[in-house]
Protein chains: 2
Amino acid sequence: MARTPARSKEATHERIVETAARAIRRSGYDGTSVADIMKEAGLTHGGFYAHFASREAMLAEAADRAGAESAAASARIAATVPPERALQSLLQAYLSKEHVKNPEIGCVVAALGSEMPRQAPEVRQAATRRIKEMIDVVARQSPDWGQPGAHEHALVTAATMVGALIMARAVDDPKLSDALLKAALKHLVPACD
Amino acid sequence: MARTPARSKEATHERIVETAARAIRRSGYDGTSVADIMKEAGLTHGGFYAHFASREAMLAEAADRAGAESAAASARIAATVPPERALQSLLQAYLSKEHVKNPEIGCVVAALGSEMPRQAPEVRQAATRRIKEMIDVVARQSPDWGQPGAHEHALVTAATMVGALIMARAVDDPKLSDALLKAALKHLVPACD
DNA sequence: CGTGCCATATGATGATTATCATATAATATC
DNA sequence: GATATTATATGATAATCATCATATGGCACG
């Protein structure tokens, strides 16, 4: 069988990108092979180059997709509560055990941050755009929005979020992992817990 | 020529670990091959298994070594200034462009943080030990040392340091990179700049 | 109902990988 | 100065990788 019916090429392309967006967050850029992704998408490895010019081009699309999903999820969370609690909800979701456990559907910066410097220019470019988006989302939900220094404050908040999540995932010790999340949450949400 | 003279086996072992400790911070765990390291250490790949049981065992030693170097460098910086300025000096060195540019001799958590969750247990164990060490270094230099909540505060400080450095390295945009470092530094050193 | 197109599969290639068996040469011992 | 020891080199193996050429079969159009 050469192809299964009723699948447009674009739909298959989307499916591969979607699969890759999860795979890179789960296994890292270097840990994600073309054959693995194609198999996970229900295809064989040979057809890959009908969809992408190279592995790197696919990684760039996947990184961009992963960033878009993260940003959309954040915006969705912020939109479901009254504005004065939006930042708090965002932080509670970001700094949760659930997020620690599920990198493949979580923040792309936390999942791939330390691998970014070594990636192809196209990949870093997509990542940079998404990082700016993430900082903007944080800035807009912050109580000091519009005031001088608010943007810098959002930079620090984002850095603390990313650092705490990465460290909470890195360590072997569940107690330390929890302590990192709790301490960061308490520090970033003054009026809570 | 089978071996160069006057080299004890331990000295060669040390040299391989030292080389690997830099290589993993430069190229990542997955980007570091046995052959590359041996060549960089001035040896051929075949002799590798006379020194290590496996590639993973070597990575664990290398990660531990990298962490020890980071901690020693931090302690050295803190020791060269009066105690009330120790934390400031530490942060200025950590959140510097120099550190952004030279991951191979810098903090192992920032260089490899997002790859840690996928590593072998021995590697994660070594990393966890070194992360605790890093948090302790920060805690001891902090003005609130001994007070309640000081340890939690150190957790947040460490998370912000790591997150800011990782993001500053990840982005493509030098202005954003600088802004991240400056904002984090200003936020963490109240009485400065 | 038949014909051609195009998305995907099959299969191959050459490079790189971790790992190991064996050969060799330099040091240490006598 | 001869011999044994041992650290390292040579070379091989099997697996995995990105990439590409070509085959095949389902779908649309005639």
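Each chain gets a letter, A, B and so on, in the order the sequences are listed, and its residues count up from 1.
Distances shorter than 4.0 Å separate none of the side-chain N or O atoms of B:Ser54 from OP1 or OP2 on C:dA18. Neither OP1 nor OP2 of D:dT16 sits under 4.0 Å from any side-chain N or O of A:His45.
The side chain of A:His51 lies closest to C:dT8, out of D:dT10, C:dT8, D:dC17. Comparing D:dT19, D:dA9, D:dT8 by their closest approach to the side chain of B:Ala50 singles out D:dT8. Residue A:Lys9 places its side chain closer to C:dT8 than to any other of D:dA9, D:dC17, C:dT8. For B:Leu43, taking side-chain heavy atoms from C-beta onward, the closest of the listed nucleotides C:dA18, C:dA9, D:dT8 is D:dT8.
Each of A:Thr44 and B:Arg55 lies near DNA chain C, and the nucleotide nearest A:Thr44 is the one positioned closer to the 5' end.
Side-chain contact annotation: B:Glu61 with B:His13, donor-acceptor N/O pair under 3.5 Å present.
At the heavy-atom level, B:His13 lies nowhere under 4.0 Å from the strands shown. Across all strands, B:Ser33 comes closer than 4.0 Å only to sugar-phosphate atoms, never to a base (heavy-atom distances).
The interatomic distance linking B:Ile37 (CD1) with C:dT16 (P) rounds to 17 Å, in whole Å.
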Anything under 3.5 Å between a protein N or O and an N or O of nucleotides 28-30 of chain C, put it in a table, one pair a line.
none

